[in-house]
Amino acid sequence: MFKLVKCAVFNQGLRKEKFISETKSVCAFSTKNNIHSYEQVNASKYRTQSVAEYYAGKKVFITGGTGFLGKVLIERLLSSCTQIDSIYVLIREKEGQTIEARLKQLLDVPLFDKLKQGKPESLNKVIPIRGDIAKDNLAITQEDQNTFIDDVSVVFHSAATVKFTEPFKSMIRVNLEGTSKIMDLSKRMKNLDTFVYISTAYSNSNKPVIDEVIYPPPKPLDEVYKFIEKHGNNQEEIDKFLVGLPNTYTFSKALCETLVQQDHGHMKTIIVRPSIVTPALQSSLPGWCDSWVASTAMFSDVARGLTRVIYGQRDVACNMIPVDYVCNLAIVAAARGNPCDEVIVYNSCSNTNNCISWKQGADLYLEESLRHGRVPGALKPRKVAVSSSPFVVSCLTFTRQTVPAFFADLWLRVKGEKPRYMKMQKRAVLLRDLLRGFTSTNWVIKSDKAQHLMATMSEEDRVLFPCNPKSINWKEYMKTFYSGVQKFMLNKYQ
Ligand SMILES: NC(=O)c1ccc[n+]([C@@H]2O[C@H](COP(=O)([O-])OP(=O)(O)OC[C@H]3O[C@@H](n4cnc5c(N)ncnc54)[C@H](OP(=O)(O)O)[C@@H]3O)[C@@H](O)[C@H]2O)c1
């Protein structure tokens, strides 16, 4: 049923042979099989000790530790799994900074303040490993490999390029080939219990219902390489090639899932798929965020009067999930383990359990913002209008956004100041248009398996590792969300 496609297409990167499924029937089999084996698993085969007990004395390896999710993952492990032995973090040298300097920078953010005050010695458990997932052999020296290869119990592979605008070729090199290399390294870890891959719920956003299964790849891998060779970064051709996926990022993550499924070998493997990751809710620093991800940037634009109309319908789900909920789910999932041979997929998303729409999220954020008074230097904010008609959105953009920004700039000129509102306005429109697919589409993102996993958690673990979106009070959360953006993104400490 599987057709063997030799993927030694590029000179570097994925050199070995991989099974690439080419037909829908093949993958329908995989999908069915995945559910089947999951349901067959006897619950008693999952580890039942507490999550912290599982990590006691264990060593874990993390990629992407300097990123938005990675930092919270490290903090959660250090704070809630106090007996963990060590956390190896793959870090690349960047902008002339050594990995030691980057680690210091990583631990210097306010997220780690509580640990620094209460358990400063725990930060010594974080050990940097020089490496780069885009380079041959991950650019990890043999000497460094020897320090962890025998003892690591869990790998969390979170590193990826998440820029929607990244050139296609480099997207594939980092996300797909990088994942392949990390899997090769993980397979050589003698005492590995679980390999956890952080994917995204949107890797399957060309489907109306996104279940916790691995879907057929959007294109066979050899076709992807041929396409890149022929068309490079030609956006028009890329749009046609993506088979309904919104960008090359989600496309590359979909290919990664197929790779993980087909290449995990004997590794017990779990995929965690977050949707839109938002500021922390309950970690040691509620509101923590250091990334302008989708809704964070858009809601901030709404509060600053820059966005007053968005594409979509009023009830389109926003699919927000706080960053600590995603990391806690990944930590819990690895602690429980995967007792079957198939990859287990957990969607980390609020969509089918406690849904909130873009409109509701934007309104709540604005309400909270207005409670603190108008943002200084911002235009007068208004509740967002929502429409799926490009004509209506264009008209409302002109009347509700462009005209006020134009007159605000005119006033600045009269006062002898530099105009800025039209420029800010254009950037806000660009972001809104980039997010159009997300604000206009109502996916059903199922999370039955994740819910099943959460149901196995003890009361104590639920307190230490909150990850169930059902427990989120959105009105309260948007207060935390707003203050987090003010403090950590806009440096307005209140
Ligand atoms: N944020 C979201 O809303 C969201 C939603 C769904 C899924 N996800 C997934 O979650 C994961 C983490 O995302 P994030 O939001 O934390 O992204 P992020 O803040 O941009 O972090 C990306 C991480 O990957 C690392 N990385 C990138 N290229 C690398 C390379 N060549 N070698 C080594 N490390 C490299 C970065 O290291 P440097 O610091 O050196 O650049 C950084 O640590 C990704 O897999 C993403 O697909 C995120």
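All values reported here derive from a predicted model rather than from experimental measurement. We count ligands from 1, going down the list as the structure has it; atoms in each ligand are counted the same way.
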Protein residue, atom and distance nearest to atom 2 (C) of ligand 1, heavy-atom basis: V277 CG2, 3.4 Å
T200 neighbourhood, listing ligand 1 atoms whose heavy-atom distance to it stays under 4.0 Å: 6 (C), 7 (C)
Nearest protein heavy atom with distance in Å, relative to atom 36 (C) of ligand 1: T66 OG1, 3.9 Å
Ligand 1 versus I198: contacting region, heavy-atom distance under 4.0 Å: both
Contacting atoms of ligand 1, where contact means under 4.0 angstrom from a heavy atom of A134: 31 (N)
Backbone N/O of G437 and side chain of T441: donor-acceptor pair under 3.5 Å: yes
Distance from atom 17 (O) of ligand 1 to nearest protein heavy atom, with residue and atom: V162 CG1, 3.8 Å
Residue part near ligand 1, for S275, under 4.0 Å between non-hydrogen atoms: backbone
Under 3.5 Å side-chain donor-acceptor pair for Y202 and N319: yes
Distance-only side-chain donor-acceptor flag, S80 / R76, under 3.5 Å: yes
Under-4.0 Å heavy-atom contact with ligand 1, by part of R273 that carries it: neither
Proximal candidate to atom 22 (C) of ligand 1 [heavy atom criterion; set A201, P274, A159, A160]: A160
Quiz item: cation-pi between K207 and Y215, 6.0 Å / 45°: yes
Residue list, side-chain hydrogen bond (donor to acceptor under 3.5 Å, both in side chains) with S369, at least two apart or on another chain: none
E229 with K226: basic N within carboxylate O range, under 4.0 Å: no
Stacked cation flag K253 on F251, 6.0 angstrom / 45 deg: no
Shortest protein heavy-atom distance from atom 9 (C) of ligand 1, along with the residue and atom involved: S199 O, 3.7 Å
Partner residues of A280 under the side chain to side chain contact (heavy atoms under 4.5 Å, CB included) criterion, sequence neighbours left out: S283, W288, V323, D324
Region of R102 engaging ligand 1 - heavy atom pairs below 4.0 Å: side chain
Protein contact to atom 23 (C) of ligand 1 [nearest heavy atom, distance to 0.1 Å]: G64 CA, 3.7 Å
Atom 16 (O) of ligand 1: the protein heavy-atom neighbour that sits closest, reported with distance to 0.1 Å: L69 N, 2.9 Å
Identity of the nearest option to atom 30 (C) of ligand 1, non-hydrogen atoms only, from T250, D132, T296: D132
Between R188 and Q145, a side-chain donor and acceptor under 3.5 Å: yes
Exercise: do Y197 and E257 side chains pair donor with acceptor under 3.5 Å: no
Lys/Arg-Asp/Glu bridge criterion (N-O < 4.0 Å) met for R336, D193: no
Closest protein heavy atom to atom 46 (C) of ligand 1, given as residue, atom name and distance to 0.1 Å: Y249 OH, 3.3 Å
Protein residue, atom and distance nearest to atom 19 (O) of ligand 1, heavy-atom basis: F68 N, 2.9 Å
Y202 touching ligand 1 at heavy-atom level, < 4.0 angstrom: no
Ligand 1 contact on I133 by region, counting heavy-atom pairs under 4.0 Å: both
Any donor-acceptor N or O pair under 3.5 Å, side chains D85, Y55: no
Heavy atom of K163, distance to ligand 1 below 4.0 Å: no
Where ligand 1 meets V174 - atom numbers and elements under 4.0 angstrom, heavy-atom basis: 28 (N)
K253 neighbourhood, listing ligand 1 atoms whose heavy-atom distance to it stays under 4.0 Å: 44 (C), 45 (O), 46 (C), 47 (O)
S447 side chain to E212 side chain, donor-acceptor N/O pair below 3.5 angstrom: no
For S158, the ligand 1 atoms whose distance to one of its heavy atoms is below 4.0 Å: 11 (C), 12 (C), 44 (C), 45 (O)
Polar contact flag for S291 and ligand 1 (N/O pairs, less than 3.5 Å): no
Geometric cation-pi criterion K219 and F241, 6.0 Å radius, 45° cone: yes
